[in-house]
4 protein chains.
Amino acid sequence: MNTSAIFERIKAAAIEDWQRYVDHEFIRQMEAGTLAQAVFQQYLIQDYLFLIQYARAYALAIYKSPTLEDMQLAQGGLNAILGEMHLHIRLCEGWGLKKADLIAAPEHAATIAYTRYVLDCGQRGDLLDLHVALAPCMIGYAEIGRRLAPALAANPNHPYREWISEYASEGFQQAAQASINHMQQLADRALTEARFLDIVAIFSKASQLEADFWQMGFDLAREKN
Amino acid sequence: MNTSAIFERIKAAAIEDWQRYVDHEFIRQMEAGTLAQAVFQQYLIQDYLFLIQYARAYALAIYKSPTLEDMQLAQGGLNAILGEMHLHIRLCEGWGLKKADLIAAPEHAATIAYTRYVLDCGQRGDLLDLHVALAPCMIGYAEIGRRLAPALAANPNHPYREWISEYASEGFQQAAQASINHMQQLADRALTEARFLDIVAIFSKASQLEADFWQMGFDLAREKN
Amino acid sequence: MNTSAIFERIKAAAIEDWQRYVDHEFIRQMEAGTLAQAVFQQYLIQDYLFLIQYARAYALAIYKSPTLEDMQLAQGGLNAILGEMHLHIRLCEGWGLKKADLIAAPEHAATIAYTRYVLDCGQRGDLLDLHVALAPCMIGYAEIGRRLAPALAANPNHPYREWISEYASEGFQQAAQASINHMQQLADRALTEARFLDIVAIFSKASQLEADFWQMGFDLAREKN
Amino acid sequence: MNTSAIFERIKAAAIEDWQRYVDHEFIRQMEAGTLAQAVFQQYLIQDYLFLIQYARAYALAIYKSPTLEDMQLAQGGLNAILGEMHLHIRLCEGWGLKKADLIAAPEHAATIAYTRYVLDCGQRGDLLDLHVALAPCMIGYAEIGRRLAPALAANPNHPYREWISEYASEGFQQAAQASINHMQQLADRALTEARFLDIVAIFSKASQLEADFWQMGFDLAREKN
C-alpha cells in the first residue's frame, strides 16, 4: 500500500474526534487566558499521574521493538518523559501544588481510561498499534502548542505562558515530528489496507479519551467547589 | 501473616467503595423493578463489550498461572464467560437488541476504564493482583444476586427476573465462592502485610469503576434521548 | 500482497529448517520402530512440561485476539491442550512414568528455549507472530503423523502405535488444517511483504528449536546412563 | 518474614548451580589467560545478541514497576545496557568482529533459552520474579570481575584485560550492589516464605542457563572448525 504521509491519512479519517480533542473548550479558554486556575490545577495533577503511565507505555514500546533502532527511539521518549516529570513538579509548585499532593492524588477514571487503553493497545497488538495509540498525545500537544503560541505574543502577561511555551518549543515540535516519522516507518513495515480501519479506530478512541481528559479538569474543579 | 478470610478483610478495608458499588441507585431501582428499560439496555450493550475484555482477563490469568491447578481454575472462568456471551445475546434479543447492535456499539469510556484497568493490574503485577482486580465483578454480582432474589418472590412479574435469577443462581453463587477460595490460596502464597494496602487500593479502584459502570447506564440513556 | 497459501509459502522459504525438524533421526527411528524406549521416555517427560507452556501460549493468543472469532479459535486450542494433558499422563503411565515424575522433572534447556521463544514472539509482536511461532508444532506433528501412519499398517506390533495414531488421527489432522486456515486469515489481515522475512525467521527458528527438542531425547537418555 | 540479606539467602539455597556458573571452565581459562580466542569471540557475538534482550527485560521492569522509584532504578539499568552496546561493538572490533557480523549472527539456542526465560519470568510473575531472574547476570559478572581482577595484576599482558577490567570496575561493582539492594527492597515488599522456593527455582534456573551460555562459546568454536 502507499503509506506516504500515513499520519495525515489517519488524522483525516478521524478528523471529527481529532477536532473535538485539539479544539476542546479547555484549549480555547487556555488560548484566551480565561481558563480558571482551579481547572488547570486539576488537569495538572492528573497529567502528573498520566506521565507515569505514559512512561510505562514507552517502556513497553522498547520491550516490543523489533529492531535496536526502534528501541533507541522509544528510549529517547522514555528518558524525556521521566525527565519531564521533574519539570512538572516545578510547574505544579508554581501553582501551589506540592509533590506530595501529586503523588497522593487518586487517579481519575478519565486518566485510567486513557492510559490503560494505550497500554492495552500495545499489549494486544504490535508496536504500530501502540505507537498509534500514543500519537494523539505527543502530536496533538505539538499542534496545540503551535496554535496557541501567537496568543503569548499578543498577551505579555498570559497566565499559561510556561505551559504553552513548552509545547510550542522547537524541542517539542521536533520530538513530535520524529514521532510522525517513526509512525511512517512502522506503517511502511506493518500496515496493510485491511488493518487501516482498525488503526483509525485506535487513533479515534485515543483522541476521544484525550478530549475526556480536558473535560475532566472542568468536572473535577466543579466537584471540589 | 494471617490471611484467613482475606476477601472479608479486603472488603472491610474498602467498604465505602464496595457499598457505593453494590448499593448503587441502579441496583436499588432494579430491585424495585422501576429501572427504566432504556437504562438497562444501555447497560446490557456495554456489558456485552465488557465480557469480551473480561474473557481476555481470564486468558491472562491462565497465562500468568504459576501452577497447572491455577490454570484450570482460570480456564473454567474463561469458558463460562465465552459461553455466557451466547446467553447474553439471547437476553439482549429479548430486549430488542440485535447481535449486530452489540458488536457495532462503541465502547464507553467507563467500560474502557474498568476493563483496561483490570488487564493492566494483571500485566503489571502478579496473579494475585489480577485476581483482586477481577473480584468485584464476580463476587459483587453474586452479592447483588442474593440481595435481589427476594424481590422476585415478592413480584411475580418482576421485569428483571431473568437477570436477577442468573446472578442469584446456585451455579453463579458457587462460582463466586470458588473465586473467593482461589483468592485465599493466592494470598496464602503471595500476600505480605507490606502489600496489603496496595491490594486494597486495587480492590477499591475496581469497585469504584464498577459503580461508574452502573452510572453509565443512566448517562447513556439520557444522552440518547 | 497475494497471501494465498501463506503456510506453503513460509514453509518453502524455511524448507531446510523444516526438513531437519520433520525428518529428524528421532522421527526416522520412530517410523522404523527402533527408537530406544529411554529416548522416547525422556522426550515424553519434557513434552508434558512443554504442554503447560503451550497452553499458556494459547491463552496469550486469546488475550491478543482482535476479534471474538479469533478468541474462540484459540479457546478451542487451549481446551484441547489442557484436555490432552490427561491423555499424556495416561500414555506416560503406560511407559512406566508416574504423574509425580512428570511434574517433578526439571525443564530441559531445549524445552525452555522453544517454549519461551514462542511466548516471547507473542508478547513482542502481534497475533500473527504468535501463530507463526506456534505453527511448527501443530502443523509439523500432523505432517509427521501422516507420514508415519503407513508404518503402523506394516507392523502390527509397532511400539509407538499410540503416539503415531494420535497425530495421524482425523481429529488432529483437522485441527492442523484449521490452524493453517487461521494463519491465512491472520496473514490476509496483517502480513505485508516487508514483514515476510521476519515471519519466515520466526518459523525457521521455531522449527530449529523443535529439531533440538527431538535431539534432547537422545541427549537426556545418554546422560541418564 | 526476615528478608535481611535476601540475596545471600537465595544464593546459599542455589549454591551448586551458582558455583557451576561463576566457576565454569570458561572463567577458569579466562583467569589463566588460556581461553582460546575463537571461544571468546563466539561468546562475545552471542553476548551482543543477549544485551538486546537484556535491555528489553529492563524495559519490562520499568513497565512493571509499582513505584516511580522502581521505574527510575530500572531506567538506569536500561540506559547502561543500551550505552554498553556501543562499548561492546568497539570491543568486538578489537577482536576482528564487525558490527554487521554481530547483527547478522543467528541467536544460539542457549542465548534464546536464557533471555526468553528471564523475559517470561517477568511477564508471568511480578517485579521480584523478574529481578531475581536478572540477578545472576549482573551480580554474577560482578563476582567474577572481583575474582579475576588479581590475574590482571599478575600478568601485564593478560589477553582478557579489557573484559575483566569492565566487570571488576568500581562502576560495575556499584551497579551490582545497587541491584542487590533493590532485590532486598522488592523482597521486603513481596516475598513470603511460601514463595521462597519458587524464587530460588528461578535463580537456580537462570544460573544454569548462564553456565550453558559459557559452554556455548566452546561448542560454537568447535562447530566452526
Side-chain angles (χ1 to χ4, degrees), chain A residues 14 16-17 20-21 24 46 49-50 52-57 59-61 63-64 103-125 129-130 133-134 136 197-198 200-216 219-220 223, chain B residues 14 16-17 20-21 24 46 49-50 52-57 59-61 63-64 103-125 129-130 133-134 136 197-198 200-216 219-220 223:
Chain A
E16 288 189 25
D17 288 315
R20 276 190 212 104
Y21 155 43
H24 191 275
Q46 292 296 318
L49 301 174
F50 169 87
I52 294 174
Q53 304 302 322
Y54 201 55
R56 291 180 63 220
L60 183 60
Y63 171 82
K64 290 186 76 79
I103 292 170
E107 271 189 297
H108 189 276
T111 309
I112 291 174
Y114 184 22
T115 55
R116 302 320 193 277
Y117 178 74
V118 169
L119 288 163
D120 185 51
C121 284
Q123 289 280 12
R124 192 178 195 176
D129 290 311
L130 175 55
L134 285 167
L197 288 183
D198 294 328
V200 170
I202 289 174
F203 188 83
S204 289
K205 187 56 80 181
S207 298
Q208 290 168 25
L209 296 169
E210 277 278 17
D212 290 353
F213 200 84
W214 299 132
Q215 187 56 43
M216 172 189 61
D219 296 347
L220 276 172
E223 285 172 31
Chain B
E16 288 188 25
D17 289 315
R20 277 191 211 102
Y21 155 44
H24 191 275
Q46 292 297 319
L49 300 175
F50 169 87
I52 294 174
Q53 305 303 321
Y54 200 56
R56 292 179 61 221
L60 183 60
Y63 171 83
K64 290 185 77 80
I103 292 170
E107 270 188 298
H108 190 276
T111 309
I112 291 174
Y114 183 22
T115 55
R116 301 322 193 274
Y117 178 75
V118 169
L119 288 163
D120 186 52
C121 285
Q123 289 279 11
R124 194 178 193 175
D129 291 311
L130 175 55
L134 284 167
L197 287 184
D198 294 328
V200 170
I202 289 174
F203 188 83
S204 288
K205 186 57 78 180
S207 298
Q208 290 168 23
L209 295 169
E210 277 279 16
D212 290 351
F213 200 84
W214 299 132
Q215 187 56 42
M216 172 188 63
D219 296 345
L220 276 172
E223 285 172 31

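Here is how names work: the chains are called A, B, and so on, in the same order as the sequence lines, proteins then strands, and each is numbered from 1.
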Close side-chain approach of Ile112(A) to Lys205(B), heavy-atom, < 4.5 Å: yes

What part of Gln53(B) gets within 4.5 angstrom of chain A, counting heavy atoms only: side chain, backbone, both, or neither? side chain

Under the criterion side-chain contact (heavy atoms from CB on, under 4.5 Å), which of Leu119(A), Asp120(A), Thr115(A), Val118(A) is the partner of Arg116(B)? Asp120(A)

Is Arg124(A) close to chain B through its backbone or its side chain, or both, or neither, when contacts mean heavy atoms under 4.5 Å? both

